[in-house]
Amino acid sequence: MPKYQKPKGTRDLDENTTFKFEVIRSLFLAISRFLGYSHVEIPIFEKTNLFERSTGESSEIVTKQMYKFQDKKNREFALRPEGTPGLIRAAIENNWLNSHNGDKFSYFGPFFRYERPQKGRYRQFFQLGAESIGSNNVESDAESIYLLSFLLKELEIKHVIKLNSLGEQEERLRYIESLQQWLTNNKTKIAKEDCINIEKNPLRILDSKKPATVKGIKEAPKIHEFWTKETSDRFKKLTNLLEAANVNYQVDEFLVRGLDYYTSTVFEASGHDGAQDAYGGGGRYNNLISELGGKNIPAIGFACGVDRIASALKIDQIKPFCIFIPLGEKCREKAFGIISKMWSNSVSVKPYWNESNLGKALKRANSIGSKYVIVFGEKEMQNNTLLIKNMKNGDQKEIPINMSSIMSALGLDE
RNA sequence: GCGGGUGUAGCUCAGGGGGAGAGCGAAGGGUUGUGGUCCCUUAGGUCGCGGGUUCAAAUCCCGUCACUCGCCCCA
């Protein structure tokens, strides 16, 4: 039992995982910039009330899951449990929405929620997200969904986009009323754990995973029955756009999202990896900006769980290209000069500064899968040569110490 | 916040009241400057922690902590 252990729900990421994170981050930045998003970074903690006002006073994220603390002047802060509120705050505060910085933003970073950890769910987790602010046209919905799907597609992660619309406020309120009534009259058809939500948050019951509810809720009224013609047309248009763009989507009448600020379009990218099968999700939030003190500007966005994508990513283990083995003290000093020359010529090489037993060094190099090994011992020093060995087939040759010979022996001379 | 499973060597795990085990890995040797295969040898453990039952506990009981899977919630 180690003396110190990491806090519950946090992770120590090894080289392979950080490499996956890096691949995801750089691809996301490239794609989102390609689509006209500006990348921003904002604080990891904010005033607590920012999240209370936006994420929702009734949501479990705010009521139970925030890491809250006071600073030395007793101001109330919280580690950010999600990205959208901080981003909107920053956009309003910095007048980003009026400048030429663009009105679409992407972000990537750590978030914090106090929850019981399980597969794909951590207390410190990473999300990437994109917010498209300023347009209520359905094309911007399609663009946001396209970005999420495009990213996953480029990472070769199988997924389907679940799609629904919560409609405008009046439609939603009428639907909730009708749903509540149906639930009250049909309590026996849903799991009793879900019944407590009838008053509090009936929409949540729609995406319950309790078998009884999944079965019973199918008979409940559907939200599309309450859509106005405008909403229906808009949704139809959205599906047409997605089809034209080859997005693999699926209408899901039971998709609702957990955050209070969503309106109209909601979507989610799901895979099939256990309980936490959603890679990412988002939706439109046309009222949030004005609620946070900005103008009445519509917006849509999504967030995506980086830990979850990373665990679905198939990438080969990273192997060093070349190991350099100086044999003994005398050779090390000269070796450093050669190695630094290789580095400055963009040749990846990992020196073993602490291994002068050739057999052991080769064994180590072999076990981590190095493609080449360069040996520099007293023999080589006398001859003014390097011994380059191909670890795949065992071929080795002695070459003079100059960059062109090294490059060609390592197969880099094209 | 609720429920299930698991904690024994660096790793994966077997054992289930009386000797602390295997495989892999590590270290050394066969091969003093040549890895992968093979052979030999060695090291490494308060059996998560605390308490209880017992002549005797890794083993049974209680508690606790950690990990893990699920519910809730959500990315």
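Proteins come first, then strands; the chains are lettered A, B, ... in the order of their sequence lines, and each starts at number 1.
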Under 3.5 Å, which donor-acceptor pairs link side chains of residues 355-366 of chain A to any protein atom two or more places apart or in another chain?
| residue | atom | partner | partner atom | Å |
| --- | --- | --- | --- | --- |
| N357(A) | OD1 | G359(A) | N | 3.0 |
| N357(A) | OD1 | K360(A) | N | 3.2 |

Check: residues 12-22 of chain A side-chain donor-acceptor pairs under 3.5 Å, at least two apart:
| residue | atom | partner | partner atom | Å |
| --- | --- | --- | --- | --- |
| D14(A) | OD1 | N16(A) | N | 3.3 |
| D14(A) | OD1 | T17(A) | N | 2.9 |
| D14(A) | OD1 | T17(A) | OG1 | 2.7 |
| N16(A) | OD1 | I318(A) | N | 3.4 |
| T18(A) | OG1 | D14(A) | O | 3.4 |
| T18(A) | OG1 | E15(A) | O | 3.0 |
| K20(A) | NZ | L313(A) | O | 3.2 |

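Among residues two or more places apart in sequence or in another chain, the side chain to side chain contact (heavy atoms under 4.5 Å, CB included) test is passed with M403(A) by K341(A), M342(A), N345(A), V347(A), I406(A), M407(A). Not counting sequence neighbours, the partners of N248(A) by the side chain to side chain contact (heavy atoms under 4.5 Å, CB included) test are V160(A). Considering only residues two or more places apart in sequence or on other chains, R123(A) meets the side chain to side chain contact (heavy atoms under 4.5 Å, CB included) condition with K8(A), Y67(A), Y114(A), P117(A). With sequence neighbours excluded, the residues forming a ring pair (Phe, Tyr, Trp, His ring centres under 6.0 Å) with Y261(A) are Y285(A), listed by chain and number.
For Q396(A), the side-chain atoms get nearest to U34(B) when compared with the rest of U34(B), G36(B), G33(B). Closest to the E378(A) side chain, of the nucleotides C73(B), G35(B), G33(B), is G33(B). Considering only the side chain of I61(A), C74(B) comes nearest among G70(B), C74(B), A75(B). Checking G33(B), C73(B), G35(B) against the side-chain heavy atoms of L327(A) singles out G33(B) as nearest. Across A75(B), C73(B), G35(B), the shortest atom-to-atom separation from the side chain of L362(A) is found for G35(B). Distance from the side chain of K210(A) is smallest to C71(B) among G35(B), C74(B), C71(B).
Interface residues of residues 6-35 of chain A facing RNA chain B, ordered by number: K8(A); criterion, heavy-atom separation under 4.0 Å.
Remark: the K119(A) side chain and the U68(B) base include no donor-acceptor N/O pair separated by less than 3.5 Å.
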Report all interatomic pairs (protein N or O, nucleotide N or O of nucleotides 1-3 of chain B) with separations under 3.5 Å.
| residue | atom | partner | partner atom | Å |
| --- | --- | --- | --- | --- |
| C2(B) | N4 | R116(A) | NH1 | 2.6 |
| G3(B) | O6 | R116(A) | NH2 | 3.2 |

N/O to N/O distances under 3.5 Å, protein versus nucleotides 8-12 of chain B:
none

Report, one pair per line, the protein and nucleotides 41-45 of chain B atoms (nitrogen or oxygen only) whose separation is under 3.5 Å.
none

Any N/O pairs under 3.5 Å between the protein and nucleotides 24-29 of chain B? List them or say none.
| residue | atom | partner | partner atom | Å |
| --- | --- | --- | --- | --- |
| G28(B) | OP1 | K360(A) | NZ | 3.1 |

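By the 5.5 Å and 30° criteria, F111(A) is not stacked with the base of A75(B).
At the phosphate of C71(B), OP1 or OP2 sits under 4.0 Å from a side-chain N or O atom of Q118(A). Between G36(B) and N393(A), no contact under 4.0 Å exists linking OP1 or OP2 to a side-chain N or O.
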Completion exercise
Secondary structure of RNA chain B per the Watson-Crick/G-U criterion (both distances under 3.5 Å; [ ] crossing, | other strand, . unpaired) is ((((((((.[[[[.)..(..]]]].(((((.......))))).....[[[[[..)....]]]]])))))))....
